[in-house]
Structures are given as structure tokens and as C-alpha cells.
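First listed ligand is number 1; within each ligand, the first listed atom is number 1. Just so you know, these numbers come straight off a predicted model, no measurement behind them.
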Amino acid sequence: MNSFKTHSSHWGAFSGRYENGGLEVRPHPGDPHPSPLLGNIPAIAHSPMRIRRPAIRRGWLEGAPGHAQNRGADDYVEVSWPRAADFVAKELQRVYGNFGPEAVFGGSYGWASAGRFHHAQSQIHRFLNVLGGYVGSVNTYSSGAAMVILPHVLGPYDHFDRKSVTWDAIERSSELVVAFGGMAIKNTDVHGGGISAHIVPRTLNGAHARGARFVLVSPLKDDFPPEVNAEWLPILPGTDIAPMLGLAHVLVSEGLHDRQFLDRYTVGYERFEDYLLGRIDGVEKSPDWASHICGIGVDAIKTLALSMARARTLSTVSHSLQRADHGEQPVWMGIVLAAMLGQIGLDGGGYSYSLGALGNIGKHQLAVPLPTLSQFKNAVSDFIPVARIADMLLNPGHEYNYNGHAMRYPDIRLVYWAGGNPFHHHQDLNRLRAAFKKPETIIVHETAWTSSARHADIVLPATTTLERDDIGAADRDPLMVAMKKLIEPVGEARDDYEIFSEIARRLGKFEEFTENRTSREWLTFLFETTRKALVAGGHEAPDFETFWERGEMCLPLKPDDGGPARAFRHDPFASPLQTPSGKIEIFSQRIESFGYDDCRGHPRWYPPRAEAEDDKSRFPLHLVCNQPHQRLHSQLDYGDFSRSTKIKGREPVRINPADAAERGISDGDIVRLFNARGSCLAAAVISEDVRKSVMQLATGAWFEPDNAASDKSMCVHGNPNILTRDVGTSQLAQGSTGQLTRVDAERFVGELPPVRIFEGMTFFDEAERSSTRAGNQ
Ligand SMILES: Nc1nc2c(c(=O)[nH]1)N[C@H]1C(S)=C(S)[C@@H](COP(=O)(O)OP(=O)(O)OC[C@H]3O[C@@H](n4cnc5c(=O)[nH]c(N)nc54)[C@H](O)[C@@H]3O)O[C@H]1N2
Ligand SMILES: Nc1nc2c(c(=O)[nH]1)N[C@H]1C(S)=C(S)[C@@H](COP(=O)(O)OP(=O)(O)OC[C@H]3O[C@@H](n4cnc5c(=O)[nH]c(N)nc54)[C@H](O)[C@@H]3O)O[C@H]1N2
Ligand SMILES: [Mo]
């Protein structure tokens with residue numbers, strides 16, 4: 001009998017055992033609330049979705065002129081590893097030689113997998129830097145707008161994402177938590193790199209039991225767990241800035257804003273107040289004004305403002321609010337509102353960005369650094385804001401604005417991706433498909449036949465964490481896990497490290513890339529960073545072999561000192577914020593100086609842009625495209641738990657009973673969602689938990705076009721990114737706006753196209769010159 005071995009994932013530490021062709025997974029015994037996402041893992045070992053051999057797109061292999069037009073609709077030819085590695089090496093040599101590193105896009109955004117050494121992003125960036133560099137990307141899809149605005153107005157992103165209000169402080173001190181965008185428990189199931197203890201349900205219940213009140217501002221009722229009995233203010237999506245301004249208006253009208261705090265800790269309040277009270281534009285941002293925009297009642301806004309002024313109040317703003325048009329505004333206005341209440345820096349009060357978005361946010365900091373693979377330095381200074389990928393590929397040479405810089409898109413010839421799924425994460429997939437026809441070559445390392453793999457020219461099969469040894473550790477998680485290999489590599493899959501090493505060898509860069517270490521030697525080497533810090537701090541510091549044998553070890557934590565906000569409150573001169581003025585910037589001279597019409601010197605309400613306005617009149621329903629509860633993004637959508645939530649093989653879409661009745665839609669019907677950009681099928685779930693005029697379709701169903709050759713295909717499975725708009729939040733941040741879009745829906749009539757994406761791939765046999773399906777092997 002095999003024994004259980006320790007392992008870890010983005011959604012929890014666990015142990016696993018492979019026996020009789022099946023993988024058994026058990027949550028870590030110390031986890032008080034293990035994630036159901038563990039149920040997706042066993043499929044890794046046997047799914048026909050796994051990539052088993054290197055494969056090359058037929059059009060690319062045969063080199064036909066204009067062959068790129070066939071990307072996404074072509075056959076693949078399986079080849080041997082040496083042949084595949086030769087192709088990649090030659091192609092890299094050609095592109096680097098002829099066009100330089102500025103022609104290679106290696107941004108390669110994506111979550112990849114847990115594990116500090118075999119982390120695909122670290123591996124690919126290190127590899128491309130060894131070759132001479134690449135065009136990279138900055139910021140994230142998660143918080144593209146917040147990462148840019150926070151440093152201007154409050155301080156470095158990590159000060160208010162990582163070193164901010166803790167769960168302990170909430171349990172201890174908060175009296176009222178007003179959560180714009182909520183704190184959905186499903187989102188706290190995961191954390192990048194690992195999460196050994198899911199503590200959020202327990203903490204929220206603890207705060208509730210002590211008497212803390214929760215207010216949920218969201219279009220969905222289940223963005224708080226039912227146990228905390230939150231008051232639900234069902235808001236129209238994309239309008240949070242309006243009730244925030246309405247609340248601020250009440251504070252000023254009632255004389256409840258904290259003048260002393262504003263004087264001592266902020267700059268620019270007066271200019272903002274002129275706007276708030278309509279001294280410039282003649283429009284008072286009153287609760288009445290706000291109510292018309294956001295759909296929350298006037299009395300609810302007034303009552304909430306009074307409660308917020310009377311209690312120890314924490315306002316939180318979720319990532320989702322800023323993944324939308326003008327997403328910078330609610331992040332900024334949340335800060336201004338908290339500043340007006342004068343509670344920033346108090347225990348369990350003030351402002352927190354993104355609390356509840358990921359499982360380790362709000363936990364204590366680690367006292368020691370984690371093992372990290374060096375990526376070397378990128379010699380290329382060109383970059384794009386991460387969500388501008390399609391713009392870049394479609395418009396080489398075009399100019400655009402970003403955060404005070406005049407930018408120009410590079411001319412990309414080769415795209416190299418490992419550890420991400422752009423056909424999951426990017427918006428307007430029909431547009432992305434057009435963009436993916438532009439480069440000369442696209443290389444992808446993948447574990448499974450995702451839609452991104454199906455749009456690549458060279459597809460190299462990567463192992464999953466189950467097939468290799470690694471060190472599992474994550475920001476703010478005290479458990480370091482020996483991630484032990486549980487199964488042999490599936491098919492001919494190889495570790496990303498091994499793949500890059502082989503290609504580096506062909507390019508004469510083997511030693512530079514590998515530093516002559518085997519994977520195992522790297523683990524021991526990287527472990528030293530943490531071990532040395534443990535020794536220096538006087539903690540128990542086992543050597544690597546002891547750690548490996550024990551299977552895990554506990555890292556020391558820093559005490560909760562309230563972070564930079566507390567220090568600033570305590571002494572704004574000794575511990576200024578790292579903003580231009582050293583204070584909270586309610587008015588930002590720097591942002592004003594950029595001269596952007598879509599993000600000016602203080603937070604304000606911007607009416608929808610022309611294109612969005614057009615959507616609004618033609619497509620009456622808001623679509624919330626949020627994170628899925630049944631998987632992480634697109635990862636393991638083929639797993640058992642994710643598939644158990646599909647209805648007739650489609651992704652469920654929630655719709656309010658009134659909107660369903662108007663359209664003759666019944667529970668379980670297949671519906672077609674559509675707008676000017678595209679359409680998809682999904683299965684209707686009628687629910688009172690969704691506000692009227694809102695539908696909700698989670699991200700992550702693998703994109704499957706009804707007609708791969710069409711440039712306006714419908715997704716038969718239910719991927720919302722066929723519908724979303726590919727436009728930046730504003731010229732300031734250029735962040736993703738994927739959370740929200742406009743659609744209409746109808747009952748689907750006619751013959752239902754099958755969902756075939758989970759059936760496995762068909763390969764073209766070069767010798768036979770015909771295609772055969774390679775299913776379960
Ligand atoms: N409409 C809309 N779109 C969104 C969002 C939204 O709210 N709405 N949210 C956005 C957000 S916040 C994010 S973070 C992104 C997420 O976007 P991604 O991070 O791109 O999504 P994942 O599905 O996690 O993709 C990771 C890929 O890496 C592969 N992989 C895993 N391990 C390995 C490995 O070891 N080696 C290699 N080579 N590959 C590996 C997986 O198979 C998977 O295909 O999506 C964004 N997209
Ligand atoms: N299970 C699971 N957990 C995850 C992930 C996953 O894929 N699966 N992904 C992780 C990642 S990478 C990230 S970045 C975080 C994302 O964290 P978030 O971006 O906060 O998560 P979402 O689920 O997209 O959105 C949260 C909620 O915001 C609400 N919302 C949407 N639009 C609006 C609006 O205009 N106003 C208000 N008030 N509310 C609105 C929606 O009801 C939605 O359920 O989640 C992480 N957690
Ligand atoms: Mo994210």
C-alpha cells in the first residue's frame with residue numbers, strides 16, 4: 001500500500017495517495033474549513049484533457065503562407081521531444097537574431113500552480129532573461145486599477161493589501177463592517193501559492209457573535225455568508241461611487257465628518273467638498289442623487305451614514321469593483337469616505353482594500369522570507385499594462401496613455417506563455433482570437449488542452465505539481481509544505497524547468513539557466529533563504545532533509561501592529577505615507593497633472609462611456625462575471641467538482657425571477673446570452689439572490705466556439721469573456737474591466753450544439769495524412 005504524502009495547492013494543503021489508478025486526496029488535518037476545490041484534483045491523474053506529447057499546429061509545421069489565419073481552427077501533429085525542442089530553439093534564435101528581444105512577448109500572465117521552484121512564471125521569465133529579455137507586462141488582472149491609484153493617494157499597494165486590517169482586529173474590535181463588493185467565502189478558498197488554514201468563516205462568525213454588524217453592498221446576496229446576517233443593499237453594478245458620495249454628503253450635512261482628522265492627515269479635502277456639495281457643477285451628490293444612479297433607497301443611504309459615524313466602522317472595497325469602467329474611482333472614494341469618518345489606523349476601523357478576496361489577506365505577516373527562484377533582470381524596458389495584450393498585438397506602433405507616460409505598443413513576432421490561460425483571463429475573446437492571428441509564432445507550455453493551447457503553434461506538455469517535488473509556501477501562510485511527487489508524469493509531460501533547460505542547452509545557455517543544479521539541488525538551495533533567516537531570528541531551523549522527512553514546518557509570524565496606517569495615525573510626521581504629500585490625497589495634484597479626462601484630481605462619478613451607453617440602451621441586463629466557487633479560474637474545469645455543477649454540460653447562469661419571467665425562461669433552460677461582441681450558451685438558475693436586472697455568470701468555463709473558423713463564434717459552454725469589453729479602466733491604470741458587461745438573454749430554441757471540449761483532442765497523423773481522436777489512454 002502506498003502511503004499518503006504531503007502536498008499543497010492554491011486552494012489548500014492536503015495529502016494524497018495514488019493507488020489502483022486512482023488518486024485519493026485528504027485535506028490537511030489542521031484546516032478548519034477545507035475547500036471543496038480539492039475535489040477537482042484527482043482528475044489530473046487520468047483526464048483525457050491532459051497534454052501527453054509535444055504537439056505542433058499543422059499550418060505552422062507545413063509553413064503555408066498566411067497559415068496564422070488558421071490558429072484556433074487547425075489540426076495538431078504530435079511530435080517527439082527532441083523534434084519539438086529543436087523547433088523551439090531554432091525559432092527563438094531566428095526571432096531574437098532578426099528582431100531582438102523587443103519582438104518577444106513573455107508577459108505570460110497567469111496563476112500557474114503552487115510550489116516555489118517549479119513556478120511556471122518564475123521559470124519562463126528567468127529563461128527569457130537568459131536569452132536577452134522580453135516585453136513584459138505590469139500589474140494584474142485582479143487589481144489593475146488599484147495597483148496604480150493606491151500609490152498616488154494612499155501609499156504602496158502592498159501596504160494596504162498585505163499590511164492592513166487583520167481578521168483578528170475585526171474579530172476583536174469592528175462594530176460595523178461595510179463591504180462594497182462583499183467578502184464571498186468562495187473567494188477565500190484560494191490564495192496564490194497555498195493556504196493551509198481557511199479561517200474566514202470562523203472569524204466572521206466570531207465577530208458576529210460578539211455583536212459586529214455587517215452591511216453588504218453588492219448585486220448578489222451571497223457575497224457574505226448567511227450566518228453573519230448581513231444587511232443587503234442590492235446595488236446596480238458599476239455604481240458604487242454614487243452611494244459612497246451620498247454617504248459622504250450625509251456626513252457633511254450632519255456635521256459628522258471628522259474635520260480634525262481631515263486637517264491633520266489629508267490633503268485636498270476642500271476641493272473635493274466643492275464637488276460633493278455641487279459648488280462647481282450645481283449638482284449636489286446627495287443621497288437622492290445617488291439613489292437614482294445606484295438603485296439603493298435614499299433612507300438606506302442616510303441611515304447607513306449615521307450608523308457609520310457612530311460605530312467603529314471598517315469600509316472594505318473588493319477587487320471586483322475596480323475591475324470595471326473607471327475602476328479607480330470606488331477604490332479612491334472608499335479611502336475618502338473612511339478619512340471623513342476619521343477612523344483610518346484604528347483597530348478594526350478605517351479602510352481595507354480587497355479584504356476577503358483571497359484566503360490569506362488579513363492574516364499576519366511572516367517573519368521570514370520565502371524561497372524564491374531568481375528571475376534575473378530583464379534587459380528590455382518595454383512593457384504593457386497586463387490587460388492591453390490584444391491592443392498590443394493588433395496595433396503595433398500605436399500610442400496610448402498609462403499612468404502619466406506616453407506609451408507605444410511594440411511589434412511582437414513571438415509570444416511565449418507558461419502558467420497562464422489568456423483565453424480564460426482576457427476580455428472579448430473574439431477580439432483576442434483576431435489578435436492571436438498576428439504573431440508569427442506562439443509557444444505554450446500547458447498541462448491540459450485549454451483554449452490557449454488550442455490557439456498555439458507549439459504546445460509542450462508540462463507536468464502538474466502532482467508529478468514533481470517542490471516546496472509549498474505562500475505569503476502570510478505559516479505552513480511550509482514538502483510537496484511530494486504523488487504520480488509519475490502523465491504521458492511524456494516534463495517539468496517546465498526541464499523543458500527550458502533542454503531548450504537552453506540547444507542555445508548554449510544551459511549553464512546560465514540551470515547554474516548546473518538539478519531540481520533537487522535547487523530545492524535545497526532555495527530552502528536556505530528561509531533556513532538562514534530562521535537561524536538569525538533564533539527559531540528552530542531544520543535542514544532541508546529534516547523538513548522533507550517531516551513533510552511540513554511552521555514559520556514564525558510578525559505581531560499585528562496595524563501596519564503603515566496605524567503608524568501614520570500615531571505620528572504622521574515620523575511615519576508619513578509614501579504619497580507625494582506624505583498624507584492621504586483626497587485631491588491628487590499628480591493625477592490632475594496627467595490631464596486625463598477619465599481620471600482627474602479627486603474621486604468623482606463618471607457617466608458610462610459612449611460605447612457602454614450604447615450597450616446600456618440595447619442590452620438591458622447587467623452581467624456580473626465574477627470568480628467561480630467551483631474551481632480556481634479555468635484550472636481543472638475538467639475536474640469532478642467543477643463538472644458536477646454544470647447543467648446539461650453548461651455553466652450555470654443566475655437570473656432574477658422577474659427578469660426570467662419577462663423572457664419566458666424557466667429554471668434549467670438553456671439560454672443564449674448576447675450583446676454586440678458575441679454570445680454564449682449557459683443554463684438558467686432562477687434565484688432571488690441576484691438583484692433584478694442583473695445576471696451572474698462565473699468565469700472559467702473552458703471556451704468552446706460553435707464554429708472555430710468563424711470570427712464571430714458563440715461559446716457553447718458558457719464563458720463570459722466572449723461578452724465582456726476589452727477596454728481599460730481609464731488612461732491612468734488601463735486595468736481589466738472584465739467584471740461587468742451588458743447583455744440580453746433569451747431561451748435557446750433549436751438543436752442544442754454539443755459541448756465537446758472535455759472529450760480530448762484529435763491529432764493529425766503526418767504519415768497517414770488523416771486525423772484521429774486520442775481519447776483516454
Ligand atoms: N470576465 C472576467 N475575466 C477575468 C476575471 C473576471 O473577474 N472577469 N478575473 C481575472 C483575474 S482576477 C485573474 S487572476 C485571471 C486569471 O487568469 P489565469 O491565471 O490565466 O487563469 P488560470 O485558469 O489560473 O490559468 C493558469 C493556467 O496555468 C496552467 N498551469 C498550472 N500549473 C502549471 C505548470 O506548472 N506549468 C505550466 N506550464 N502551466 C501550468 C493551468 O493549466 C492553467 O491553464 O482571470 C481574469 N479574468
Ligand atoms: N473560488 C475561487 N476563489 C477565488 C478565485 C477563483 O477563481 N475561485 N480567484 C481569486 C482571484 S485571482 C482574485 S483576484 C479574487 C477576486 O476577488 P473579487 O474580484 O472581489 O471577486 P469576484 O468574485 O470577482 O467579485 C466579488 C463580488 O463582487 C460583486 N460585484 C461585482 N460587481 C460589483 C459592483 O459593481 N459593485 C458591488 N458593490 N459589487 C460588485 C459580485 O457580486 C461578486 O460576487 O478572487 C480570488 N478567489
Ligand atoms: Mo485575480
Polar proximity ligand 2 side, [X] side, N/O cut 3.5 Å exclusive:
X      : result
Val217 : yes
Gly238 : yes
Ile235 : no
Ser320 : yes
Arg631 : yes

How far is [atom] from the closest protein heavy atom, and which atom is that?
atom                    : result
atom 32 (N) of ligand 2 : Leu740 CD2, 3.6 Å
atom 15 (C) of ligand 2 : Ala357 O, 3.5 Å
atom 14 (S) of ligand 1 : Tyr109 OH, 3.2 Å
atom 47 (N) of ligand 2 : Asn187 O, 3.0 Å
atom 36 (N) of ligand 2 : Asp240 OD1, 2.6 Å
atom 40 (C) of ligand 2 : Pro219 CD, 3.5 Å
atom 2 (C) of ligand 2  : Pro628 O, 3.2 Å
atom 11 (C) of ligand 1 : Tyr141 CB, 3.7 Å
atom 34 (C) of ligand 1 : Asp496 OD2, 3.6 Å
atom 43 (C) of ligand 1 : Glu446 OE2, 3.3 Å
atom 23 (O) of ligand 2 : Lys186 NZ, 2.6 Å
atom 8 (N) of ligand 1  : Cys625 O, 3.1 Å
atom 1 (N) of ligand 1  : Asn721 OD1, 2.6 Å

Please work out which of [options] has its closest non-hydrogen atom nearest to [atom].
atom                    : options                        : answer
atom 35 (O) of ligand 1 : His119, Arg468, His118         : Arg468
atom 25 (O) of ligand 1 : Thr447, Asn421, Ile124         : Asn421
atom 9 (N) of ligand 1  : Gln635, His633, Gln627, His425 : Gln627
atom 28 (O) of ligand 1 : Ser634, Gly419, Ala324         : Gly419
atom 30 (N) of ligand 1 : Gly192, Pro422, Ala112         : Ala112

Please check this pair: side chain of [X] against backbone of [Y], looking for a donor-acceptor N/O pair closer than 3.5 Å.
X      : Y      : result
Asp470 : Met483 : no
Asp457 : Ile442 : yes
Asn360 : Asp475 : yes
Arg126 : Phe513 : yes
Tyr141 : Gly110 : no
Gln329 : Thr239 : no
Asp31  : His198 : yes
Asp659 : Ser693 : yes
His629 : Ile185 : no
Asn675 : Gly678 : yes

Practice task
Taking the six-membered ring for Trp and the single ring otherwise, decide whether the centroids of His445 and Tyr416 are under 6.0 Å apart.
Solution key: yes

Which atoms of ligand 2 are found less than 4.0 Å from any heavy atom of [X]?
X      : value
Asp223 : 27 (C), 28 (O), 29 (C), 41 (C), 42 (O), 43 (C), 44 (O)
Asn626 : 22 (P), 23 (O), 24 (O), 25 (O), 43 (C), 44 (O)
Leu220 : 42 (O), 44 (O)

Exercise for the section: Measure the distances from the heavy atoms of Trp111 to every atom of ligand 2 and state whether one is below 4.0 angstrom. Expected result: yes

Exercise for the section: Mind checking whether Gln427 contacts ligand 1 via backbone (N, CA, C, O), side chain (CB onward), both or neither, at a 4.0 Å heavy-atom cut-off? Expected result: side chain

Problem - Proximity to ligand 1 by part of His426, non-hydrogen separation under 4.0 Å - result: neither

Could you tell me whether [X] and [Y] make a salt bridge, using a distance below 4.0 angstrom between a side-chain N and a carboxylate O?
X      : Y      : value
Arg677 : Asp615 : yes
Glu467 : Arg50  : yes
Arg725 : Asp428 : no
Lys485 : Asp495 : no

Practice task
Over all heavy atoms of both residues, which pair between Gly136 and Phe105 is shortest? Give the atoms and the distance, please.
Solution key: O-CE1, 3.9 Å

Problem - Heavy atoms from other residues, nucleotides or ligands near NZ of Lys221 exceed 12 (cutoff 6.0 Å) - result: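 Not more than 12 within 6.0 Å, no.
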
Using heavy atoms and a threshold below 4.0 Å, how should the contact between [X] and ligand 2 be classified: side chain, backbone, both, or neither?
X      : result
Leu321 : side chain
Thr140 : neither
Val190 : side chain
Thr699 : neither

Practice task
Kindly indicate, with the supporting measurements, whether the criterion side chain to side chain contact (heavy atoms under 4.5 Å, CB included) is fulfilled by Lys186 and Asn626.
Solution key: CA-CA 11 Å; Lys186 62 158 175 89; Asn626 61 349; 4.0 Å; yes

Exercise for the section: Check whether any heavy atom of Thr463 sits under 4.0 Å from an atom of ligand 1. Expected result: yes

Can you confirm, on distance only, whether ligand 1 has an N/O atom lying under 3.5 Å from any N/O atom belonging to [X]?
X      : result
Arg323 : yes
Ser113 : yes
Gly738 : yes

Problem - Residue pair Arg52, Glu492: steps toward the salt bridge (charged side-chain N to carboxylate O under 4.0 Å, His left out) verdict - result: CA-CA 5 Å; Arg52 284 156 206 278; Glu492 295 177 19; over 6 Å; no

Practice task
Please identify which atoms of ligand 1 are closer than 4.0 Å to at least one heavy atom of Gln739.
Solution key: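 Those of ligand 1 that fall under 4.0 Å from Gln739 are 7 (O).
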
Exercise for the section: Please check if any side-chain donor atom of Ser108 sits under 3.5 Å from a side-chain acceptor atom of Gln121, or the reverse. Expected result: yes

Exercise for the section: Please work out whether the ring planes of Tyr638 and Trp702 are parallel, tilted or perpendicular, with thresholds of 30° and 60°. Expected result: perpendicular

